[in-house]
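The structure appears below as structure tokens.
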Protein chains: 2
Amino acid sequence: MSTWEETLSQAGCRITESRRAVMTVLAQAERPLVPQELLALGLKLQATLSLVTVYRSLELFEELSLVRRVHQDTKCQGYLLTAAGHRHVLICEKCGRAVEFPGQDDLAALIARVEERTGYQVKTHWLQLRGVCAECQ
Amino acid sequence: MSTWEETLSQAGCRITESRRAVMTVLAQAERPLVPQELLALGLKLQATLSLVTVYRSLELFEELSLVRRVHQDTKCQGYLLTAAGHRHVLICEKCGRAVEFPGQDDLAALIARVEERTGYQVKTHWLQLRGVCAECQ
DNA sequence: TCCCTTATTGAAAGTAATTTACAATAATTA
DNA sequence: TAATTATTGTAAATTACTTTCAATAAGGGA
């Protein structure tokens, strides 16, 4: 039983073929995928998969922090598997390939300074880099 | 003639009542607004304003860097006036109020390290913080 | 100041994205 | 294995956004 299946079980959710298909596609993807893409790829694994189920699966996975939403300048909506302990995303603007990297400590000082300046209490942060990957350069 | 009007003129665009209404609403807002909200508030200033024009104005303003798009967890698409020289946004998760802050230098070291590790060449970055503002604490 | 050019606008229709309703199906637990 | 009920797919509904096109109004020049 893989990690995500345990997470689902513990949350009282069922492990279905549809969810398995969506998860498998996400696990094999190396760039953020939109619901339509997930459907197209997922259909190869689960012939009866529907777009509605893709949306519902993503909603559930996101709640359980198994998946993260990646935003882009114009269109938002790309989903990526959450790599444990890694928080930030770097996307290639040519091929779309995404890698995650840690970077919490680097931001600690910045966040402390911002809190002091603004009076806000910072709860979460969200950093996304965009560039060109080694192969596309 | 205000700054944004000059920017528009120099780009060969006309200063219209509709654009003025959208800009005025944005200037008075202290949190990111979605197109629908901009329409509702803008109608008080320009009775014939339409949603289509709100979309088109935002598109133009964004091209000219007068306005920036802010992304939120679920709903994407919120627009905020660009504060000159400031790059990052901090949003209160209770009242939605947003403040901007500089923070380029802080990230330079992080970005350099990520480039080295991943082989990517980082072009742009995008940082958004979420927390609770002084009044909502 | 008035006219002329043409960028800009709103209405309406079109397309795409996302959500909801509901009966049928399949995952789990006893 | 049977019973319970979460989950699914279909279809329809809603929302978000874009395009078309004729009417309007901004602003440069007479």
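Chain identifiers are assigned alphabetically (A, B, ...) following the order of the sequence lines, protein sequences preceding nucleic acid strands; residue numbering begins at 1 within each chain. Note that the structure is a prediction, hence the values are computed from the model and not measured.
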Would you call A:R19 and A:E5 a salt bridge, using N to O less than 4.0 angstrom?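 A:E5 and A:R19: not salt-bridged.
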Looking at B:R68 and B:E100, is there a salt bridge between them, counting it only when a charged N and a carboxylate O are closer than 4.0 Å? yes
Using heavy-atom distances to pick each residue's nearest nucleotide on DNA chain C, tell me which of B:Q46 and B:G12 is more 5'.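 By nearest-heavy-atom nucleotide position, the 5'-most residue is B:G12.
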Show, in sequence, the C-alpha distance, side-chain angles and deciding distance for B:R69 and B:E59, and conclude whether the salt bridge (Lys or Arg N to Asp or Glu O under 4.0 Å) test is met. CA-CA 10 Å; B:R69 211 179 282 238; B:E59 188 184 10; over 6 Å; no
With sugar-phosphate meaning primed atoms plus P, OP1 and OP2, does B:L51 contact a base, only sugar-phosphate, or nothing at under 4.0 Å between heavy atoms?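 Nothing, no heavy atom under 4.0 Å.
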Look at [X] and [N] and indicate whether a side-chain polar atom (N or O) is within less than 4.0 Å of OP1 or OP2.
X: A:S50; N: D:dT8; answer: no
X: A:S18; N: D:dG9; answer: yes
X: B:T16; N: C:dT9; answer: yes

Would you say the ring centroid of B:H125 lies under 6.0 angstrom from that of B:H88? yes
Assign each of B:R56 and B:E17 to its nearest nucleotide of DNA chain D by heavy atoms, then name whichever residue's nucleotide is nearer the 5' end.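 In this pair, the answer is B:R56.
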Calculate the interatomic distance between [X] atom [atom1] and [N] atom [atom2]; express it in whole Å.
X: B:E59; N: D:dA16; atom1: CD; atom2: P; value: 18 Å
X: B:L64; N: C:dA7; atom1: CG; atom2: P; value: 16 Å
X: A:Q36; N: C:dT19; atom1: CD; atom2: P; value: 13 Å
X: B:L49; N: D:dT24; atom1: CG; atom2: P; value: 18 Å
X: A:L8; N: D:dA6; atom1: CG; atom2: P; value: 14 Å
X: B:E37; N: D:dT15; atom1: CD; atom2: P; value: 15 Å
X: B:Y55; N: D:dT20; atom1: OH; atom2: C1'; value: 18 Å
X: B:R69; N: D:dC17; atom1: CZ; atom2: C1'; value: 11 Å

Please name the pair of heavy atoms, one in A:L90 and one in A:G131, separated by the smallest distance, quoted to 0.1 Å.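 Of all heavy-atom pairs spanning A:L90 and A:G131, the closest is CD1-N, 4.2 Å.
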B:R14 side chain, from C-beta outward: closest of C:dT19, D:dC17, D:dA26: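 Nearest listed nucleotide: D:dA26.
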